[in-house]
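Below: the structure, in structure tokens.
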Amino acid sequence: MKNKPMFFSFFAVIITAIAACFLRFFQLIRFTDSQMGFVIGYNKLTYIIYGVIALSIAFAFVYSLLARRYVRKINFIGNKLIYATLIILSASFFFDFVHQVYNCQNYILSSDKQSYIEYNYLFPMAFQALFALLTCFYLIICAKSVRGTMIDFKNFKFFHLVPLAWGFCRLLAIMTEIFDIESVESFLEFVFVVFYCGFTLCCASSVDDENKLIKPSFSFFALGLFACAFSFSLARILMIISGEFAKLNQVSFSSVTYLLIGFFAVMCELAVYITKKVSE
């Protein structure tokens with residue numbers, strides 16, 4: 001990344017995402033009700049967190065605007081870091097598959113006691129589990145392609161939309177749950193899934209582009225996705241590492257999967273290279 005303005009905006013996204021993560025971590029420890037997931041003290045911190053994440057996304061937007069000046073491409077073949085990330089990410093999607101099956105089972109068992117099942121809540125979770133498993137296999141195919149084997153993931157036309165289907169099911173599941181802007185985790189997850197859907201669409205578009213050109217929107221969604229994923233999913237993981245797991249409210253998403261999705265997105269952006277200026 002030889003362009004200095006792009007480097008500084010990229011670096012600004014990373015720094016603000018880290019800041020938002022530790023602010024959220026501090027909020028989880030000090031000011032969050034573990035039963036409901038709502039902030040119970042110093043509400044201003046919630047809006048500070050939102051402001052820092054919004055700033056991070058703004059820097060991602062500036063980065064994408066600067067990227068419009070250049071013709072950029074990406075080459076996954078032989079990239080060992082992308083290969084390793086794809087393998088780890090595929091494992092995390094399998095973990096999400098197991099997690100969602102567990103969520104479905106628990107919900108059905110608890111609903112049997114009440115003799116009532118909300119299918120509009122159960123079906124998105126069930127389909128999310130299915131698409132998580134399919135995404136796991138898709139990422140393995142992508143990894144083999146990146147490694148330089150005879151398999152070319154570009155030939156799997158409709159399969160490129162499987163990760164998007166997973167995100168769409170997750171979005172439906174969120175919309176059936178109780179949503180409140182003061183519930184930081186719920187709001188940030190919603191923003192995360194929106195960026196995830198945008199990123200997967202950009203990925204599918206890039207794969208189908210014969211010239212392998214990377215659009216500025218790809219960079220915007222990739223960096224925005226990283227900022228959202230890093231800010232709230234890593235905060236939950238830090239709570240577990242620090243032994244404060246009991247203070248976390250139960251959620252139906254997988255923090256590890258979310259974090260690795262964000263990490264993969266930023267790795268993809270780092271794999272993008274500039275070929276020339278648009279005017280040349």
Side-chain angles (χ1 to χ4, degrees), residues 17-18 21 24-25 76 79-106 124-147 153 156 159-174 185 188-204 207 221-241 245 248 250-271:
I18 293 173
C21 171
R24 176 58 181 156
F25 177 55
F76 287 129
N79 191 317
K80 294 181 180 179
L81 187 58
I82 294 294
Y83 171 76
T85 308
L86 282 168
I87 293 297
I88 296 171
L89 186 59
S90 67
S92 75
F93 268 96
F94 184 78
F95 173 76
D96 185 71
F97 161 72
V98 174
H99 188 199
Q100 298 309 321
V101 169
Y102 174 78
N103 287 339
C104 290
Q105 181 184 16
N106 272 0
M125 279 199 302
F127 278 107
Q128 182 185 341
L130 172 63
F131 286 118
L133 185 61
L134 291 175
T135 301
C136 172
F137 286 116
Y138 173 72
L139 292 173
I140 292 173
I141 293 171
C142 291
K144 286 184 174 294
S145 181
V146 167
R147 197 174 183 180
F153 72 96
F156 296 82
F159 214 17
H160 298 322
L161 298 177
V162 167
L164 175 63
W166 176 85
F168 181 71
C169 290
R170 186 61 210 161
L171 193 61
L172 290 177
I174 293 173
E185 214 147 54
L188 292 182
E189 187 193 5
F190 177 79
V191 177
F192 164 85
V193 175
V194 169
F195 271 92
Y196 170 83
C197 290
F199 176 69
T200 52
L201 279 173
C202 289
C203 286
V207 169
F221 283 110
L223 295 182
L225 179 60
F226 168 78
C228 295
F230 195 87
S231 60
F232 82 100
S233 60
L234 182 58
R236 287 186 64 89
I237 294 172
L238 290 176
M239 288 288 286
I240 297 171
I241 295 173
F245 177 78
L248 290 173
Q250 291 187 349
V251 293
S252 57
F253 63 83
S254 307
S255 298
V256 173
T257 304
Y258 280 15
L259 181 62
L260 288 174
I261 288 172
F263 184 72
F264 172 72
V266 80
M267 287 299 102
C268 287
E269 181 55 38
L270 287 173

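Worth knowing before you read on, the calculation uses all heavy atoms, side chains too, and leaves out hydrogens, waters and symmetry mates.
Note: Tyr138 OH to Leu86 CG = 9.0 Å, rounded to the nearest 0.5 Å. Taking OG from Ser92 and CD1 from Ile87, the interatomic distance works out to 11.5 Å, rounded to the nearest 0.5 Å. Interatomic distance, CZ of Phe226 versus CG of Leu259, reported as 8.0 Å (0.5 Å rounding). Rounded to the nearest 0.5 Å, atoms CZ (Phe97) and CG (Leu134) are 9.5 Å apart. The structure places CG of Leu188 at 7.0 Å from SG of Cys228, a figure rounded to the nearest 0.5 Å. The CG atom of Leu225 lies 10.5 Å from the CZ atom of Phe264; values are rounded to the nearest 0.5 Å.
Residues Ile240 and Leu248 share a closest heavy-atom pair of CG1-CD1, 4.0 Å. Considering all non-hydrogen atoms of both residues, Ala143 and Tyr83 come closest at O-CD1, 3.1 Å. Shortest non-hydrogen contact noted between Val101 and Ala129 is CG2-CB, 4.1 Å. Ala229 and Gly262 make their closest contact through CB-CA, 3.8 Å (heavy atoms, listed as atom of the first residue, atom of the second, distance). Pairing each heavy atom of Ser233 with each of Ser255, the nearest pair is CB-O, 3.5 Å. When every heavy atom of Leu260 is checked against every heavy atom of Ile88, the shortest pair comes out as CD1-CG2, 3.6 Å.
Between Cys21 and Leu238 the shortest side-chain heavy-atom distance falls below 4.5 Å. Using a 4.5 Å heavy-atom cutoff, the side chains of Phe93 and Ile261 are in contact. Contact of the Arg24 side chain with the Arg236 side chain is not registered, since no non-hydrogen atoms from C-beta on lie closer than 4.5 Å. Between His99 and Phe253, every side-chain heavy-atom pair lies at or beyond the 4.5 Å cut-off. Contact check for Phe195 versus Phe199: no side-chain heavy atoms found under the 4.5 Å cut-off.
With sequence neighbours left out, Asn103 forms a side chain to side chain donor-acceptor pair (under 3.5 Å) with Gln100.
When atom types are taken as modelled, the side chain of Ser145 and the backbone of Ile141 share no donor-acceptor pair closer than 3.5 angstrom. Between the side chain of Ser231 and the backbone N or O of Ala17, no donor-acceptor pair lies under 3.5 Å.
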Which donor-acceptor pairs under 3.5 Å do the side chains of residues 164-174 make with protein atoms, sequence neighbours left out?
from, atom 1, to, atom 2, distance (Å)
Trp166, NE1, Asp96, OD2, 2.9
Arg170, NE, Glu189, OE2, 2.7
Arg170, NE, Tyr258, OH, 3.3
Arg170, NH1, Gln128, OE1, 3.3
Arg170, NH1, Ser252, OG, 3.2
Arg170, NH2, Glu189, OE2, 3.0
Arg170, NH2, Ser252, OG, 2.8

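Using a 30° and 60° split on the angle between ring planes, Phe192 and Tyr196 fall in the parallel class, below 30°.
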